[in-house]
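One structure, pasted below without further comment.
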Protein chains: 2
Amino acid sequence: MKVRALWYTAGVLHLLDQRALPGRVRVLRLRTLRSTADAIRTMAVRGAPSIGAAAAYGMVLGKREGRYTPAQAARLLGATRPTAHDLFVGIEAVRKAWVAGDEVEEAADAYRSRIVEECHQIGTAGAPLFATTRRVLTHCNAGALATVEWGTALAPLRVARQRGARLFVWVDETRPLLQGSRLTAWELAREHIPHAVIADNAAGHYLATGQVDAVIVGADRIARNGDFANKIGTYSKAVVARENGVPFYVAAPWSTFDVRRPNGKTIPVEERDPLEVSEIAGHRLTPKGSPSRNPAFDITPARYVTAFVTPAGVVRPRALARLLARHSAAG
Amino acid sequence: MKVRALWYTAGVLHLLDQRALPGRVRVLRLRTLRSTADAIRTMAVRGAPSIGAAAAYGMVLGKREGRYTPAQAARLLGATRPTAHDLFVGIEAVRKAWVAGDEVEEAADAYRSRIVEECHQIGTAGAPLFATTRRVLTHCNAGALATVEWGTALAPLRVARQRGARLFVWVDETRPLLQGSRLTAWELAREHIPHAVIADNAAGHYLATGQVDAVIVGADRIARNGDFANKIGTYSKAVVARENGVPFYVAAPWSTFDVRRPNGKTIPVEERDPLEVSEIAGHRLTPKGSPSRNPAFDITPARYVTAFVTPAGVVRPRALARLLARHSAAG
């Protein structure tokens, strides 16, 4: 019973509605570009690699509708969320095929398959890091839900487990949208991987008291120098991990690397609806007169990263640019 | 319309029920030691100085009931929460009077008045730190609700405002129990102090992007060397503040200082019900099969503290032991 975040058959994009989890397993059936864009914007599908794949199929649906030029379709889907680099890579993969007169379904299927394959490679490459590591902290959800299958941060843990590693995962709940307590916990519980959900505030306590052996997260966009955007709160965990000598890993497929961006300074950070902070499940948390702010991502400088786990292997930040150049030349 | 967390008249301890805020302003009327202990345990009253004052009156109620020895009463109230040092100071102040045959109401009233006076002194001592500071981050609630009146962390901000400082406060929501979004935001909104509530995860982002000029928090227990316990998440903010060169202040009355404890290593950290993490307002957040962990405090080493704001003035961690010795000798 593998988790699959999305799949496509005959004009219908199926999405596991990540807003309904873990309470309900609900599948959305999308037939239009616009409903796909809405699903991305409202985070029915989220996680950079899954967003990229959903957008690729959104392009397919847009072409089938016959109402959009390739550029229009790309623009509509590209306006949904600004931070994840994968969104633009997924759109571009299908736009090219569309303009060239190639089969767009094939292009989207190939994009999706490549993501899944790369996540499996990440798992294989990263698993040795967790062969003797016992207690791992992760933030947000960088599992199968975020990446179609396997996961980025969770892939090395899954492969390490298959190879016999005994792992325990600290799951940051990840306010405001609780991707940790709702989604990562759901994935881990399904596979009977020992874990505990904690308030984001508690991560520092466990890091400082020697109860975390490694931290691993995914990413939404990684600059050439290794600065990266990820779910809000990632930066603080990285700083506190380094302060305590705990290794901090970032796992991502190629589509997350923004090779033309020299560093993280100019990565756009999405600010979402303040209601995500001031309400939960329709229940008001803050007083009426209190405004909220809701940045969805933060930028972690490369100096806090022990290593990146890529489809081509584990690489230190200093060696990242060279690896990316080699990959771009090969690709 | 000053906020008062609690007041006592003729055998009745009145508590503003902090579990009901900000939705409802509800006053509990307590007539027994046991109901006072329950109110402390369930956090109807919370914040170290308010807990100390509530426990002092809990002793008064216990004496009136005529069912307890002073030692029994002290033990029952002392077993409610382990971390706040003030709890034991408040209990001891009344136990002594009880044993000596003095008026226990007078002892409790004196304890309460001293806390309020010290918090006002903290405000006066700390206000100059915020004369030119514009944007302040605070964690949890260290306002009037936590300290009977005035606040510890909020007192210097209140006095600075009275003196004309223009302040903006970033309010960490403070999961799991949301003392920031529920209580600090409520206090600030009442006084029209500009503020915004943020997810705890967002504090690092604002610290790293130059949008926080100072951090100030309260404390639950401070060791002689300046290591201190405070609401879970405080440690991470302190580490990230120092990483970004942002001053980090800790404000507390004398009752929070545990002068016989040389450092923070042995301060007991309360672990509370995991349901506080896995549910919110009766709404389940995590999957059924997912356990949670819920440490309520963390220990921040003194090296992350820029200065302590005490009733006797602002003092660097290195000078703290000397100040405490002087205060103990005087007291």
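To find a chain, count down the sequence lines: A is the first, B the second, and so on, and within it residues start at 1.
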What distance separates B/K237 NZ from A/S236 OG, expressed to the nearest 0.5 Å?
6.0 Å
With chain A as the partner chain, list the residues of residues 280-299 of chain B whose heavy atoms fall under 4.5 Å from it, by residue number, and write 'none' if nothing qualifies.
B/I280, B/A281, B/H283, B/L285, B/T286, B/P287, B/G289, B/S290, B/P291, B/S292, B/R293, B/P295, B/F297, B/D298
Closer than 3.5 angstrom, by distance alone: can the side chain of A/N201 be matched with the main-chain N or O of B/R175 as a donor-acceptor pair?
yes
Under 4.5 Å from any heavy atom of chain B - which part of A/L178:
side chain
When only heavy atoms count and the cut-off is under 4.5 Å, which of residues 139-147 of chain B reach chain A?
B/H139
Looking at A/G204, A/P274, A/P22, which has the largest count of heavy-atom pairs under 4.5 Å with chain B?
A/P22
Tell me, side chain or backbone of B/K231 under 4.5 Å from chain A's heavy atoms, or both, or neither?
neither
Which one of B/T209, B/D200, B/V197 has the most heavy-atom pairs closer than 4.5 Å to chain A?
B/V197
Would you say the side chains of A/E243 and B/Y235 form a donor-acceptor pair under 3.5 Å?
no
Tell me, out of B/A189, B/P301, B/P176, B/A185, who's got the most heavy-atom pairs with chain A below 4.5 Å.
B/A185
In terms of heavy-atom pairs under 4.5 Å with chain B, the winner among A/I198, A/L183, A/I232 is A/I232
